[in-house]
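The chains referred to below are lettered A, B, ... by the order of the sequence lines, with proteins before strands, and numbering in each begins at 1.
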Amino acid sequence: MLSNKLRSKIKLVSAILLMSVAINGCNSDGNNEDKIEQNIESNIDSMQGTLIKFDNTLFSIPSPYEIAFLVKNSNLDFDKSLLNPYNKSHNYTNNFQKALNLGVYGANLGYLNVFEQNSEGIQYFSVIKILSQELGIENAFDKQTITRIENNLGNKDSLMFIISNSYRKADQYLKDNNRNDIGVLILAGGWLESTYMLTQLSQSSKNKEIDTRIGEQKHPLDNLIKILSPYYNQSKEYAELIDVLIDLAYDFDGIDINYTYSAPTVDVKNKLTVINSKSELIMTDQQLKTISDKISAIRKKIVD
Amino acid sequence: MKKITTLAIAAILALALNTNKTIAQVDVTTALCTKHIISPYVSDGQQYKALLNSDEIAEFHSTFYGGTTYRITGATGQTEGNLIFSLYDKERNLLFTNRDYQNSIYWDFKFTSTIDCIIEAELDATSKAKSGFVIMLIGFKQ
């Protein structure tokens, strides 16, 4: 039987805890960020607050939208057969599949957008919205963003800006809420789909610039593996994905990239530096074919 | 018992207030960066965040495509100019540092060839911050 004094203390501490939860529920930007990402170690000092140590080496993956622009600028025609059909989204039943294909559909939407295929784009955007909701990142595609997208359907530049920014917000939200295991899958899906599109275009167009872009995925793939690796033991699906990407990386390792440094030139007034250093890619047709076949197989497993 | 309860309450409140303050600060820092990734620049869809002490450096590894112009923006704290970022190639040749340009919050880079780069970010030693979240964003020109 608790004494009245102890009961009062428990009530007071409970009230303080509830107040703390309420304080953390408030956020000036309206985002639902209620946790700080914890990666390696934490050290709590009641006098100085919380100090959390992060891994300070970060890896970036080129945006699928960049690839879409590069394809458009190569004067290739739009090819609808490259896309993952939007009505397949019902097949994706767990978060692993949904997150990967959110990345895939994002890459598809970028491709549709640069080729101004607006009616198809609407369908893909609808699927992206649904997958975002199912993954709990609907904040990235909030009502305001949806309205902006609908109002800019005929303006490909604005649309690309809004969609890319939404994916950035989703990335931010997932990292801030300790859900980077989902964020890395979205990145992986986007990279795989855009690289798949390049391999298909390479076969159909015999465009050397496209071939070079494929070879240039050597180090982005290394970065992608580094980003995914911390989640290897998360599930069998993560392990299988990382294993096939590592196998693919062995084929990319055979590609030579010869780098020559040249001093950059600076335009201070326009805050612009021109990087004059050069890279020369050396890749055989056989290497290209092996890489293309493996990417197709990986992509098939993700979207089917 | 009374002293322990008081200390526990103070610690819980300090933790809660500090967490909320940190989230708000990161939002401000992010806003400093996002206002520079504007048309014709498009976000690469990622946000790069690190927590640094005054003597630490964060590294961001990225590939930049030839023929494309990029904008790199980085900030820490609540005002511009507290973050130093530098761009190196894989051979560690220094390609750019904003330290030479009053710690400019952003800079544009035009790549004539596809290059793998390392971006290093560190707190400006002359600023008052002993530690802080660093936010970096990358955009490419449409």
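- In this structure, chain A has a heavy atom under 4.5 Å from the side chain of L137(B), while its backbone stays farther away.
- Ring planes of F140(B) and F69(A): perpendicular class, angle over 60° (limits at 30 and 60°).
- Residue contact with chain B, scored on non-hydrogen atoms closer than 4.5 Å, involves the backbone and the side chain of I61(A) alike.
- A 4.5 Å side-chain heavy-atom check between K169(A) and T34(B) finds every atom pair outside the cut-off.
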Kindly indicate, with the supporting measurements, whether the criterion side chain to side chain donor-acceptor pair (under 3.5 Å) is fulfilled by D89(B) and Y259(A). CA-CA 10 Å; D89(B) 64 17; Y259(A) 175 74; 2.4 Å; yes

Give the C-alpha distance, both sets of side-chain angles, the deciding distance and a yes or no for side chain to side chain donor-acceptor pair (under 3.5 Å) between S43(B) and Y167(A). CA-CA 9 Å; S43(B) 167; Y167(A) 270 83; over 6 Å; no

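- Ranked by heavy-atom pairs under 4.5 Å with chain A, the list S113(B), A121(B), P40(B) is led by S113(B).
- Considering all non-hydrogen atoms of both residues, L95(B) and P264(A) come closest at O-CG, 3.3 Å.
- When side chains are defined from C-beta on, E216(A) does not count as touching T63(B), because their heavy atoms never get closer than 4.5 Å.
- Heavy atoms of I118(B) lying under 4.5 Å from chain A are absent altogether.
- Residues K175(A) and K49(B) form no side-chain contact, since every pair of their non-hydrogen atoms from C-beta on lies 4.5 Å or further apart.
- Only the side chain of L70(A) comes within contact range of chain B, with heavy atoms under 4.5 Å apart.
- Interface residue V268(A): backbone and side-chain heavy atoms are both found under 4.5 Å from chain B.
- In this structure, no portion of F64(B) lies under 4.5 Å from any heavy atom of chain A.
- Residues L272(A) and F109(B) approach most closely at CD1-N, 4.1 Å, considering heavy atoms.
- In this structure, chain B has heavy atoms under 4.5 Å from both the backbone and the side chain of P220(A).
- Using a 4.5 Å cut-off on side-chain heavy atoms (C-beta onward), Q172(A) and D27(B) make contact.
- Annotation: cation-pi pair K271(A)/Y101(B) absent, no NZ/CZ under 6.0 Å from the ring centroid and within 45° of its normal.
- To the nearest 0.5 Å, the span separating CD1 on I257(A) from NZ on K90(B) amounts to 10.0 Å.
- Both the backbone and the side chain of Y65(B) come within less than 4.5 Å of a heavy atom in chain A.
- Of the two parts of Q46(B), the backbone and the side chain both hold a non-hydrogen atom closer than 4.5 Å to a non-hydrogen atom of chain A.
- Using a 4.5 Å heavy-atom threshold, the side chains of S60(A) and F60(B) count as separate.
- Heavy-atom pairs under 4.5 Å with chain B peak, among N73(A), N223(A), D267(A), T212(A), at N223(A).
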